[in-house]
**Student:** 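Handing you a structure now.
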Amino acid sequence: MILKREFYQQPTLEVARSLLGKKLIRQHGQQQLIGLIVETEAYIGENDTACHASKGKTQRTEIMFGRAGHAYIYFIYGMHYMFNIVTESEGNPAAVLLRAIQPLNHIDVLKRHRNITEEKSLTNGPAKLCQAYNIDKTLNAWDLCLGKKLWIETNDEHNDYQTETSPRIGINYAEEKDRNAHWRFTMKGNPFLSKR
DNA sequence: GTGAGGATGCACT
DNA sequence: GTGCATCCTCACG
């Protein structure tokens, strides 16, 4: 079942935790590339100094101030894309970053997109999974509730896992309270988690 | 297997 | 001009 708007409108920490175990689906020609979400991070509002929206509304962050369930995709370090999902109500900027995925099918396609052969490294990082699933700027602001191009579905399998929390990665510029917040959610023991 | 450093372009003061 | 929610390569031994 495709996740609906109401799911994404929940509190961001709830969405980040609940996205674990869900299936990300990317339409690729006639094929559907499917991956299991195993790692997420929450970025919550204007008081979270790790969140891009803490610097106010700009052209880039505008999407985070909009409706939940849309993709917030930005370009960083001159070569990488990051895929976030907008949460909370309108005017309340927040999002969940997808940091790692476990590939469930079409491994050959992912390898081609990534130009590597090692399965463990295909999608175990936020920029890696974007490259593997061909997610880029053209999907920024895309509505994930449409069930086209890019969306998320519930999953009746993979319900047998434990959730772990830890501080978010790569945000040394943020205030200490935000650096220490355990807003990173991981599926315990999954082999496709990003490093640390 | 681990760590340092470079790549690279765009949004934003 | 600055800095970035990262990844890869290349040393090292």
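We name chains A, B, ... by the order of the sequence lines, and we start the count at 1 in each one.
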**Student:** Could you tell me which non-hydrogen atom of A/Ala132 sits nearest to which non-hydrogen atom of A/Leu122, and how far apart they are?
**Tutor:** CB-O, 3.7 Å

**Student:** Mind listing the N/O atom pairs, protein and nucleotides 4-13 of chain C, below 3.5 Å?
**Tutor:**
| unit_1 | atom_1 | unit_2 | atom_2 | d |
| --- | --- | --- | --- | --- |
| C/dA5 | OP1 | A/His52 | NE2 | 2.7 |
| C/dA5 | OP2 | A/Tyr173 | OH | 2.8 |
| C/dA5 | N9 | A/Tyr74 | OH | 3.2 |
| C/dA5 | N7 | A/His52 | NE2 | 2.8 |
| C/dA5 | N1 | A/Asn84 | OD1 | 2.3 |
| C/dA5 | N3 | A/Tyr74 | OH | 3.4 |
| C/dT6 | OP1 | A/Arg99 | NH1 | 3.4 |
| C/dT6 | O2 | A/His80 | NE2 | 2.9 |
| C/dC7 | OP1 | A/Pro126 | N | 3.4 |
| C/dC7 | OP1 | A/Ala127 | N | 3.2 |
| C/dC7 | OP1 | A/Lys128 | N | 3.3 |
| C/dC7 | O4' | A/His80 | NE2 | 3.1 |
| C/dC8 | OP1 | A/Arg114 | NH1 | 2.8 |
| C/dC8 | OP1 | A/Arg114 | NH2 | 2.8 |

**Student:** Using side chain to side chain donor-acceptor pair (under 3.5 Å), reason through A/Tyr43 and A/Glu41 one step at a time and then give a plain yes or no.
**Tutor:** CA-CA 7 Å; A/Tyr43 290 85; A/Glu41 277 179 6; 2.6 Å; yes

**Student:** Return yes if some donor-acceptor pair links the side-chain N/O of A/Arg114 with the main-chain N/O of A/Ser121 below 3.5 Å, else return no.
**Tutor:** yes

**Student:** Is there a side-chain contact between A/Arg26 and A/Trp151 in this structure, where contact means two heavy atoms from C-beta onward sitting under 4.5 Å apart?
**Tutor:** no

**Student:** Would you please enumerate the stems DNA chain C participates in, each stem being three or more consecutive Watson-Crick or G-U wobble pairs with both distances under 3.5 Å?
**Tutor:** B:1-7 with C:6-12, B:9-12 with C:1-4

**Student:** Is A/Asp143 paired with A/Arg67 through a side-chain N to carboxylate O contact shorter than 4.0 Å?
**Tutor:** no

**Student:** What I want to find out is whether A/Lys22 reaches A/Glu153 closely enough, with some N-O distance under 4.0 Å, to be called a salt bridge.
**Tutor:** no

**Student:** When the distance from NZ of A/Lys137 to P of B/dG9 is rounded to whole Å, what number comes out?
**Tutor:** 15 Å

**Student:** Following the transitive rule for hydrophobic clusters with a side-chain heavy-atom cut-off under 4.5 Å over Ile, Leu, Val, Met, Phe, Trp and Tyr, establish whether A/Phe83 and A/Leu19 coincide in one cluster.
**Tutor:** yes

**Student:** Could you check how far OH of A/Tyr81 sits from P of B/dT8, rounded to whole Å?
**Tutor:** 15 Å

**Student:** Under the 3.5 angstrom rule, does the side chain of A/Thr49 hit a backbone N or O of A/Glu175 as a donor-acceptor pair?
**Tutor:** yes

